[in-house]
Number of protein chains: 2
Amino acid sequence: MTRVLLATRNAKKLRELRRILDAEGVSGIELDGLADVEEFDETPETAATFEENALAKARDAAAATGLPSIADDSGISVDALNGMPGVLSARWAGRHGDDQANLELVLAQTADVPDERRGAAFVCAAALVVPDGQEQVVRGEWRGELTRKASGTNGFGYDPIFRPEGETRTSAELDPAEKDESSHRGRALRLLLPYLREL
Amino acid sequence: MTRVLLATRNAKKLRELRRILDAEGVSGIELDGLADVEEFDETPETAATFEENALAKARDAAAATGLPSIADDSGISVDALNGMPGVLSARWAGRHGDDQANLELVLAQTADVPDERRGAAFVCAAALVVPDGQEQVVRGEWRGELTRKASGTNGFGYDPIFRPEGETRTSAELDPAEKDESSHRGRALRLLLPYLREL
């Protein structure tokens, strides 16, 4: 078994990547989260792009633990907000991690935006850093549009107000396996699989 | 005297344009605000650009009153927010016109943005529409950067957190006449003066 660290404290992200590894038949990898390794100073997500944030987090995790480390930075990019909340998705309403406040703010800010300008995309950059080895950064996108009210209880973040292209449901109304198939994070993580298989 | 309507209920904007007309020696114009004319259905500011909003408001005001009408749409464009709050400046925190909530939200959203990425600009589009006559739309910009806390009591909107280029004070610490000289709204309104002189 090769130990790989997913540099997150988000248990849902950890389960999501485990499901993807299973579904894609990747074996021989024991996936740990930050809760499973000794504590270290985590990288603040202060860069201007998802890619820079993901790479910085994966580098710091690999350096601190000596383990091949994956990190992601994800968010929602709203057309009518010029691509924001973007890298500020987790703290859009001012405090870090208040999903409800964040999505309510986006709905309020876009209350007067007409249907034809409500396009949005979930974006995920994922980085894999192998100590003294390779670095990879990949990007997955999932296009859709903003709803006008929150709906659904699966997922997290902005899932309740995002309706993927071709769907009548929000991404919080999809079941987890459905979401993995098309989601931004699913796409990005699958782009890392060839490199994970080489470990 | 030619009566001209400034399509605003903001008494500070009305005083600002009167000061500019005085300072530039434009005479023969009686400038009224929306409080001085019969009520009509005002245009909601729902377009994607400052210019479209300003033009729509000036057109509706001219059509409703028969007066040559000026309207502006202004806001702050923050580099680290991809140019937002932009046209959503007045309702950035979700409710319309809560200056304090709006600027506190911008400060919170940019709390981790380092000094070298704190650039911003005040932007003003101003439109003049003459009934059965000409239409003009002009744009003024005022570059500067975001401070880290609010300071000063002059002005309105985001003035307390905007430090203009070459200044040590925020635009809320400048006196009104100083602000008119370089501000986005001052620049835009001065671009309209040649057309106002023709009336």
Kindly work out whether a path of hydrophobic side-chain contacts (I/L/V/M/F/W/Y, heavy atoms less than 4.5 Å apart) joins [X] to [Y].
X      : Y      : answer
B/Y158 : A/L105 : yes
B/L67  : B/I70  : no
B/V26  : B/V130 : yes
B/L55  : B/L191 : no
B/V137 : B/V129 : yes

[X], [atom1]: over 12 other non-hydrogen atoms inside 6.0 angstrom:
X      : atom1 : result
B/D175 : CG    : yes
A/E39  : CD    : no
B/E30  : CD    : yes
B/E38  : CD    : no

Next item on the list: Residue by residue, scan residues 72-98 of chain A and write down, ordered by number, those that have a heavy-atom distance under 4.5 Å to chain B; if none do, write 'none'.
Entry: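 A/A80, A/L81, A/N82, A/G83, A/M84, A/L88, A/R91, A/W92, A/A93, A/G94 fall under the 4.5 Å cut-off.
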Check: Counting a contact as any heavy-atom pair under 4.5 Å apart, which residues of residues 141-157 of chain A contact chain B?
Finding: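 Residues qualifying by a heavy atom under 4.5 Å from chain B are absent, so none.
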Margin query: Looking only at heavy atoms and a cut-off of under 4.5 Å, which of A/E45, A/E104, A/R117 has the most pairs with chain B?
Written below: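 Top option by heavy-atom pairs under 4.5 Å: A/R117.
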Next item on the list: Let me know if A/A111 has heavy atoms under 4.5 Å from chain B in its side chain, its backbone, both or neither.
Entry: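 Looking at A/A111, nothing touches chain B.
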